[in-house]
Protein chains: 4
Amino acid sequence: MGRKEKVEKGRSSGRPRSERSKAAILLAVRELLLKDGYANLTIEAVAQRAGVSKATIYRWWKTKGELVLEAAEQEIAIGTVPDTGDSRVDIDAAIGQLIDTFTRPLASIVIFAAITTGSSDPNMAHLFRDRFVYPWRVSACEALERARARGDVLADDPQFLLDVIVGTVFQRTLVMKGPMIDGLKGNLLGVIFGPKRST
Amino acid sequence: MGRKEKVEKGRSSGRPRSERSKAAILLAVRELLLKDGYANLTIEAVAQRAGVSKATIYRWWKTKGELVLEAAEQEIAIGTVPDTGDSRVDIDAAIGQLIDTFTRPLASIVIFAAITTGSSDPNMAHLFRDRFVYPWRVSACEALERARARGDVLADDPQFLLDVIVGTVFQRTLVMKGPMIDGLKGNLLGVIFGPKRST
Amino acid sequence: MGRKEKVEKGRSSGRPRSERSKAAILLAVRELLLKDGYANLTIEAVAQRAGVSKATIYRWWKTKGELVLEAAEQEIAIGTVPDTGDSRVDIDAAIGQLIDTFTRPLASIVIFAAITTGSSDPNMAHLFRDRFVYPWRVSACEALERARARGDVLADDPQFLLDVIVGTVFQRTLVMKGPMIDGLKGNLLGVIFGPKRST
Amino acid sequence: MGRKEKVEKGRSSGRPRSERSKAAILLAVRELLLKDGYANLTIEAVAQRAGVSKATIYRWWKTKGELVLEAAEQEIAIGTVPDTGDSRVDIDAAIGQLIDTFTRPLASIVIFAAITTGSSDPNMAHLFRDRFVYPWRVSACEALERARARGDVLADDPQFLLDVIVGTVFQRTLVMKGPMIDGLKGNLLGVIFGPKRST
DNA sequence: ACTTAAGCGAGACGGTACGTCTCGTCTTAAC
DNA sequence: GTTAAGACGAGACGTACCGTCTCGCTTAAGT
């Protein structure tokens with residue numbers, strides 16, 4: 001009696017992937033990242049905390065990098081730079097997005113890891129670049145290009161300006177970890193557009 | 001006359017440290033760093049390649065970080081920023097030193113490691129900061145302060161400008177690894193001093 | 001109805017222990033014991049010869065002593081003393097078991113180790129006593145008690161006679177290693193029962 | 001003519017061996033043996049406790065065994081069996097010497113080690129046999145031979161009886177460590193000479 | 001008194017094995 | 001046919017002693 005209706009998905013028969021496990025794994029990753037940082041995160045610990053076997057993790061994620069990126073996906077999301085017609089407003093928004101993202105606790109850990117494991121884990125670096133960096137970078141580059149076309153910026157090379165922005169924010173927020181991020185956006189705008197003039 | 005001049009060092013007698021071993025170890029570290037990178041460097045491999053026992057390494061260096069920093073000491077050395085009286089010349093030199101150091105193969109590996117293991121190996125980070133970063137940073141800061149006093153720079157905060165310089169160079173040379181470092185110094189100078197004026 | 005009968009063991013599912021590894025380890029132990037003796041037996045060598053990781057050995061055996069005792073279990077097995085009704089036959093059998101076991105190549109090595117590591121590895125000594133010594137000793141003691149009750153033996157204390165038997169056999173076979181074991185049993189019987197009388 | 005005969009040894013002049021060091025080393029060995037046992041005795045610890053360098057130890061003693069035997073020399077000394085004309089008195093003395101020596105704290109440790117390291121440190125075993133075992137054994141053997149000649153003993157083979165005595169005492173005092181050594185001598189005499197008869 | 005040569009402490013050295021750890025894969029039975 | 005459990009081979013970790021080797025100082029016998 002009461003035969004269960006059975007599989008509704010197109011996937012072949014078999015037991016379907018457990019959404020419970022997936023959620024538990026990604027949650028465990030987030031918790032452990034915040035607790036111990038990326039370098040001290042072990043698959044073993046994730047499995048244990050999620051009540052899951054290591055094999056299950058390895059089946060769905062090839063590397064620690066992939067796993068971490070997926071776990072922090074929403075925290076890292078940065079969006080794209082708007083096109084308001086006002087260069088300063090656009091770039092202001094871009095820098096704001098950057099600072100905002102870089103200072104979220106979880107995101108900062110993951111972004112730092114993604115940037116700095118470039119040599120040892122190229123896979124993670126690529127994934128990070130393709131999914132998070134390039135989209136924003138492209139739109140930021142366009143914004144800078146528009147600004148250049150209007151003659152608003154002091155330097156001609158948008159890629160260079162992008163590196164100035166990203167590099168400076170990275171340095172301030174993730175390397176030096178100074179708390180003085182207050183003036184950062186203003187200072188950066190000043191360096192890019194020249195000193196603010198009253199309109 | 002017969003005055004015996006005694007040992008001045010605090011260390012007692014004992015067999016003196018083998019310079020051969022020390023040199024072999026540091027050389028092995030350098031070779032392995034260039035071959036496999038910092039993350040894949042193991043003490044075991046260093047010992048084997050240097051023809052040395054692990055205990056000898058652990059006797060003289062407490063952590064992998066210390067060992068690596070000493071092995072790359074000369075490659076990392078960056079000196080201090082000159083004081084020529086011309087702000088642009090001073091900062092030009094500072095940026096040159098930075099780019100020069102960051103693009104040496106061995107130095108780039110070690111510096112990258114020193115910066116990025118900050119969270120997992122605080123010891124190495126501190127050592128790196130104290131021995132290599134701060135001295136240069138202090139003199140660079142003075143140079144920027146002198147420039148500010150002369151009204152040469154567009155921003156008032158030397159610490160901010162320092163982060164712009166270091167962050168941008170770091171981003172370009174170690175993160176993006178683009179080969180387009182040609183205009184980097186000029187662009188940075190432009191961003192700091194404003195567009196170059198013909199005199 | 002339809003009661004599912006669950007697993008009765010406390011251990012949960014998981015991958016079962018590899019019998020291949022277990023057999024290879026115990027074999028390697030036996031070979032190395034015969035080749036190098038107990039003192040020169042290293043876990044490292046066992047692992048290598050068995051094609052097994054050290055962790056696998058440590059997972060199942062806490063000490064070298066446990067491992068060796070299990071590897072030689074069958075060689076050491078000595079059984080119990082029979083009860084034929086004839087004291088002399090019983091004790092003859094007991095001494096025969098002892099000599100037989102003490103002169104097997106592998107058993108002699110392991111027994112010697114078990115006895116002599118008593119101070120440095122109490123664990124092994126206890127294990128050895130509980131699993132091999134006491135059962136035999138109890139039955140031998142009963143045999144001697146029966147003999148005493150019949151007035152067949154010259155001394156009243158079975159424990160003392162047991163030590164005479166074991167001590168003498170140990171001394172002859174393992175300490176002096178003399179080949180003159182021929183008369184040993186007869187001599188011991190003579191000492192215990194008095195000179196043989198022709199019936 | 002006036003040549004001073006002096007040095008009889010082949011060794012040339014030089015600084016003579018330090019008696020202070022020698023005494024300190026042997027004392028340290030004794031203390032550490034009592035504290036940690038033979039197996040846990042390390043040359044390193046002896047050197048440290050004696051305030052002596054390891055090289056000094058290795059210069060005068062080739063193996064741990066030699067060192068330990070010399071350190072315990074006086075404790076181990078057992079003398080020889082007397083010849084009183086009364087077999088029972090002689091053997092009684094012999095057994096008494098044995099039990100007495102085997103139950104001294106330091107001697108028991110060293111003798112146990114000497115007997116049981118036979119396989120792994122043949123050097124120590126030989127030394128022990130030559131210096132301590134054989135002399136006593138020879139005189140005990142003679143005593144048993146005299147007893148046999150007088151028809152006092154139940155077994156003909158003195159070597160066998162020796163193994164009975166030594167084996168039983170070893171078993172009782174060092175292996176079983178039972179405190180019931182009281183009747184040991186009497187029991188042994190009973191087994192060798194037959195039940196005591198009132199004369 | 002001076003020379004000389006071995007003894008000495010200190011302790012660094014190349015080795016070997018220890019017992020622990022984490023990795024990523026593999027193997028079952030359960031569902 | 002995915003899951004949890006967990007055993008597995010691999011191999012680095014940092015530690016402990018081994019027995020040998022430099023050092024530079026000390027110490028007495030022989031000049």
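So that the names make sense, note that chain A is the first sequence line, chain B the second, and so on, each numbered from 1.
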- Message: Tell me if a side-chain donor or acceptor on C:R30 pairs with a main-chain N or O of C:A72 at a distance below 3.5 Å.
- Response: no
- Give a yes/no on whether any side-chain N or O of C:W60 is located under 4.0 angstrom from OP1 or OP2 of F:dC8. yes
- Task: Give me the bend of the helix from E:dA1-F:dT31 to E:dC31-F:dG1, using the axes of the five pairs at each end, rounded to 10°.
- Result: 10°
- Query: Who passes side chain to side chain donor-acceptor pair (under 3.5 Å) against A:E73, sequence neighbours left out?
  - Reply: A:R131
- What is the distance from CD of B:Q48 to P of E:dT16, rounded to the nearest Å? 11 Å
- Message: Could you work out, with side-chain contact (heavy atoms from CB on, under 4.5 Å) as the rule, every residue matching D:I109, not counting sequence neighbours?
- Response: D:L33, D:L34, D:Y38
- Message: The test is side-chain contact (heavy atoms from CB on, under 4.5 Å); show your working for B:F128 and B:I115 and say whether it passes.
- Response: CA-CA 8 Å; B:F128 177 64; B:I115 290 175; 4.2 Å; yes
- Query: Hey, what do you get for CD1 (D:I57) to NZ (D:K64), rounding to the nearest 0.5 Å?
  - Reply: 12.0 Å
Which donor-acceptor pairs under 3.5 Å do side chains of residues 40-55 of chain D form with protein atoms, sequence neighbours excluded?
{"residue": "D:N40", "atom": "ND2", "partner": "D:D36", "partner atom": "O", "Å": "3.1"}
{"residue": "D:T42", "atom": "OG1", "partner": "D:A45", "partner atom": "N", "Å": "3.0"}
{"residue": "D:R49", "atom": "NH1", "partner": "D:E31", "partner atom": "OE1", "Å": "2.4"}
{"residue": "D:S53", "atom": "OG", "partner": "D:A55", "partner atom": "N", "Å": "3.3"}
{"residue": "D:S53", "atom": "OG", "partner": "D:T56", "partner atom": "N", "Å": "3.4"}
{"residue": "D:S53", "atom": "OG", "partner": "D:T56", "partner atom": "OG1", "Å": "3.4"}

- Task: Not counting sequence neighbours, which residues clear side chain to side chain donor-acceptor pair (under 3.5 Å) with B:S18? List them please.
- Result: B:S21
- Task: Could you pull out the closest heavy-atom pair between C:T117 and C:M124, with the gap in Å?
- Result: OG1-SD, 3.6 Å
- Message: At a heavy-atom distance below 4.0 Å, what parts of residues 20-30 of chain D sit against DNA chain E?
- Response: D:R20, D:S21
- Using a cut-off of strictly less than 4.0 Å, decide whether D:W61 has a side-chain nitrogen or oxygen near OP1 or OP2 of F:dG19. no
- Item | Residues within residues 49-59 of chain D bordering DNA chain F, heavy-atom distance below 4.0 Å | D:K54, D:A55, D:Y58
- Rounded to the Å, how far apart are D:E19 CD and F:dA28 P? 12 Å
- Message: If you go through the side-chain atoms of C:R15, does one of them form a donor-acceptor pair with the base of F:dA7 closer than 3.5 Å?
- Response: yes
- Task: Just grab all the salt bridge (charged side-chain N to carboxylate O under 4.0 Å, His left out) pairs involving residues 108-117 of chain A, residues at least two apart or on different chains.
- Result: none
- Pull out every residue in residues 64-73 of chain C that has a heavy atom closer than 4.0 Å to any atom of DNA chain E, ordered by number, or say none. none
- Message: Using the ring pair (Phe, Tyr, Trp, His ring centres under 6.0 Å) criterion, which residues pair with A:F112? Sequence neighbours excluded.
- Response: A:F170
- Item | Sub-4.5 Å side-chain heavy-atom contact between D:W60 and D:E66 | no
- Distance from C:L67 atom CG to C:K62 atom NZ, nearest 0.5 Å? 14.0 Å
- Query: Which residues in residues 31-44 of chain A have at least one heavy atom lying under 4.0 Å from any atom of DNA chain E?
  - Reply: A:T42, A:I43, A:E44
- Query: Who are the salt bridge (charged side-chain N to carboxylate O under 4.0 Å, His left out) partners of B:K22, not counting sequence neighbours?
  - Reply: B:E70
- Could you give the distance from CH2 (D:W61) to CG (D:L69), rounded to the nearest 0.5 Å? 12.5 Å
